[in-house]
Amino acid sequence: MRFLVYFSLLILIIGCKHSQKKLLAMNTKVVIAHRGASGYLPEHTMEAKAMAYAMKPDYLEQDLVLSKDDVPIVIHDIYLDDVTDVAEKFPNRKRPDGRFYVIDFTFDELQQLNVTERFDPKTGKQFYPNRFPKGKGSFKLHSLQQEIELIQGLNKSTGNSIGIYPEIKDPAFHHTNGKDIAKITLNILTEYGYKTKNDKCIFQCFDAKELERVRKELNSDLFLVQLIEFPEEANHLDYYAKYADGISPWYKQILDKKENDTWQFTPLVENAHKLGLKVHPYTFRADQLDEFSSFEEMLQVFLFEADVDGCFTDFPDKAVEFLATK
Ligand code: CA
């Protein structure tokens, strides 16, 4: 009898250890909800963020542009005219180039706009035809603070611990307009408790000089990720490693060619890992598979064959589900 009890205990302990190991293994690859659950709802709306949150990714992404009165707005571009009805609401506020800029509007004015599924402002055509219908529903712009309060509130009410992944957009453009978006954003992050690499906040930027400034001049201890747009930028990994903790390249920079049905990769991931940099490529879309036959195949190739550490995706539910089977 006693033997049976010990035996059962042993099985229980081994079982726990095994599931712990499995849990740890699962947690090593992170899913980042790119602009929220943007495959299903207009990007960067609170609705897209709440839906993404419920899909339990590791991080929700925020792209940030300052308003005229220095409020960081969660929006992908410095322009307003491809995701809102600004051209109808404020027809006289465009610049000579014909575009409407976030930075020319106060937070109160921005609140009057309706947000819609992304479209081409010249033709009016929806960018991803099979996503949420353009012009339908009632969606608004919001600030970084409002989104942090949504996520931190949900972390409290659900007991989850989902992080944020803010990106400051075009800091050089902000400087030209007399604004320091890095400083303003870092102050807000500090205020909400995001100060170190342990605080589930990853700070990203395409502008290397500015991200270096965030580390060295603005003395941020956050986890910093250098976004990479062009292949030649991948040659500067040594420099990025001096201030950043990770890189985020376009996924095509990782693919080399397919030989005998097997993908060959560029040395980017391996070289980054040698320098201790995490690799979180963008952007995985179930409705834009390019050379892959399924979304699962795409995820398998990058996450397990190329061995990247995470992925930005418009479909966080699918990536979370995929990783749960691993
Ligand atoms: Ca982004």
Side-chain angles (χ1 to χ4, degrees), residues 28 30 32 34 58-66 70-74 76 78 143-145 147-148 151-152 161-250 253-254 268-283 308-312:
T28 55
V30 299
I32 305 132
H34 182 247
D58 298 278
Y59 295 91
L60 298 189
E61 192 209 21
Q62 300 78 33
D63 290 309
L64 301 170
V65 179
L66 290 180
D70 290 343
V71 180
I73 305 299
V74 182
H76 183 261
I78 57 172
S143 67
L144 172 64
Q145 294 94 317
E147 184 164 331
I148 290 176
I151 295 167
Q152 292 192 343
S161 164
I162 291 176
I164 62 171
Y165 208 130
E167 177 189 347
I168 50 167
K169 303 300 286 197
D170 210 336
F173 169 80
H174 282 88
H175 283 304
T176 308
N177 283 269
K179 294 187 187 298
D180 190 342
I181 187 169
K183 208 176 209 173
I184 290 173
T185 302
L186 287 172
N187 284 342
I188 292 166
L189 294 176
T190 302
E191 202 180 301
Y192 281 92
Y194 301 108
K195 295 173 197 165
T196 74
K197 289 177 218 255
N198 299 322
D199 295 326
K200 283 218 97 173
C201 172
I202 298 184
F203 188 98
Q204 43 164 345
C205 188
F206 274 107
D207 185 328
K209 282 272 160 244
E210 191 72 6
L211 199 62
E212 186 184 22
R213 174 178 172 253
V214 164
R215 178 72 84 216
K216 294 184 176 167
E217 278 178 47
L218 303 177
N219 298 314
S220 174
D221 291 325
L222 289 172
F223 194 103
L224 303 184
V225 162
Q226 178 64 55
L227 289 155
I228 297 177
E229 190 171 8
F230 304 106
E232 58 271 22
E233 292 173 331
N235 300 328
H236 306 306
L237 291 183
D238 288 329
Y239 162 54
Y240 302 151
K242 290 190 192 343
Y243 58 86
D245 305 288
I247 55 164
S248 176
W250 186 29
Q253 294 173 6
I254 292 168
L268 181 59
V269 179
E270 207 184 325
N271 290 344
H273 282 167
K274 274 187 203 146
L275 291 163
L277 295 164
K278 296 279 184 198
V279 184
H280 297 164
Y282 60 88
T283 302
V308 302
D309 306 286
C311 61
F312 282 88

Which is it for V308 and H280 under the side-chain contact (heavy atoms from CB on, under 4.5 Å) test, yes or no, and what are the steps along the way?
-> CA-CA 6 Å; V308 302; H280 297 164; over 6 Å; no
Can L222 and I202 be said to form a side-chain contact (heavy atoms from CB on, under 4.5 Å), step by step?
-> CA-CA 7 Å; L222 289 172; I202 298 184; over 6 Å; no
Passes salt bridge (charged side-chain N to carboxylate O under 4.0 Å, His left out), D70 versus K179? Steps please.
-> CA-CA 8 Å; D70 290 343; K179 294 187 187 298; 2.7 Å; yes
CA sep, side-chain torsions, deciding dist, call: I228, W250, side-chain contact (heavy atoms from CB on, under 4.5 Å) = CA-CA 7 Å; I228 297 177; W250 186 29; over 6 Å; no
Worked verdict on L268 versus V279 for side-chain contact (heavy atoms from CB on, under 4.5 Å) = CA-CA 9 Å; L268 181 59; V279 184; 5.7 Å; no
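Counting heavy atoms from C-beta outward, V225 and K278 have side chains that stay 4.5 Å or more apart. C201 has its side chain within reach of P166: a pair of non-hydrogen atoms, C-beta onward, lies under 4.5 Å apart. Between V74 and L64, some side-chain heavy-atom pair lies under the 4.5 Å cut-off. Residues D238 and L275 are in side-chain contact: their nearest non-hydrogen atoms beyond the backbone lie under 4.5 Å apart. Y59 places a side-chain heavy atom less than 4.5 Å from the side chain of V30. Counting only heavy atoms from C-beta outward, the side chains of K183 and L218 approach each other to under 4.5 Å. Between I164 and I151, some side-chain heavy-atom pair lies under the 4.5 Å cut-off. Between D207 and I168 there is no side-chain heavy-atom pair separated by less than 4.5 Å.
Note on residues 163-173: pairs passing salt bridge (Lys or Arg N to Asp or Glu O under 4.0 Å), not counting sequence neighbours, are D63-K169, E167-K169.
Scored by the side-chain hydrogen bond (donor to acceptor under 3.5 Å, both in side chains) test, N187 finds no partners at all (sequence neighbours excluded). E233 pairs by the side-chain hydrogen bond (donor to acceptor under 3.5 Å, both in side chains) definition with nothing, not counting sequence neighbours. For R215, the salt bridge (Lys or Arg N to Asp or Glu O under 4.0 Å) test picks out D245, with sequence neighbours left out. The salt bridge (Lys or Arg N to Asp or Glu O under 4.0 Å) check on K209 picks up E212, with sequence neighbours excluded. Every residue two or more places apart in sequence or in another chain that forms a side-chain hydrogen bond (donor to acceptor under 3.5 Å, both in side chains) with D309 is listed here: H273. Shown here are the side-chain hydrogen bond (donor to acceptor under 3.5 Å, both in side chains) partners of Y192, two or more places apart in sequence or in another chain: E149. For N177, the side-chain contact (heavy atoms from CB on, under 4.5 Å) partners at least two apart in sequence or on another chain are R95, I103, F173. For D199, there are no salt bridge (Lys or Arg N to Asp or Glu O under 4.0 Å) partners two or more places apart in sequence or in a different chain. For F203, there are no ring pair (Phe, Tyr, Trp, His ring centres under 6.0 Å) partners at least two apart in sequence or on another chain. Every residue two or more places apart in sequence or in another chain that forms a ring pair (Phe, Tyr, Trp, His ring centres under 6.0 Å) with F312 is listed here: Y165. Evaluation of the salt bridge (Lys or Arg N to Asp or Glu O under 4.0 Å) rule for E229 yields no partner, not counting sequence neighbours.
Between the CD1 atom of I148 and the CG atom of L189 there is a distance of 5.5 Å, given to the nearest 0.5 Å. Atom-to-atom distance recorded for Q253:CD and E232:CD is 8.5 Å, nearest 0.5 angstrom. Taking CG of D221 as the reference point, atom OG1 of T196 lies at 7.0 Å (rounded to 0.5 Å). From R213, atom CZ reaches atom OG of S220 across 11.5 Å, with rounding to the nearest 0.5 Å. Atom CG in L211 sits 5.0 Å away from atom CG in L224 (nearest 0.5 Å).
H175 places no side-chain N or O within donor-acceptor distance of the main-chain N or O of D180, the cut-off being under 3.5 Å. A distance-only check finds no donor-acceptor pair linking the side chain of Q62 to the backbone of L144 [under 3.5 Å]. In terms of modelled atom types and a separation under 3.5 Å, the side chain of S143 and the main chain of P72 share no donor-acceptor contact.
The two atoms that bring L60 and I162 nearest to each other are CG-CG2, 4.2 Å, heavy atoms only. In terms of heavy-atom proximity, A272 sits nearest to L237 at N-CD1, 3.7 Å. Nearest heavy atom pair, residue P171 against residue C205, reads CG-SG, 3.8 Å.
No side-chain N or O of Q145 forms a donor-acceptor pair with one of E191 less than 3.5 Å apart.
Results of the side chain to side chain donor-acceptor pair (under 3.5 Å) test with Q226 over Y240, Y243, Y239 single out Y243 as the only residue that passes.
For the pair K200 and Y194, the cation-pi test (distance below 6.0 Å, angle within 45°) is failed.
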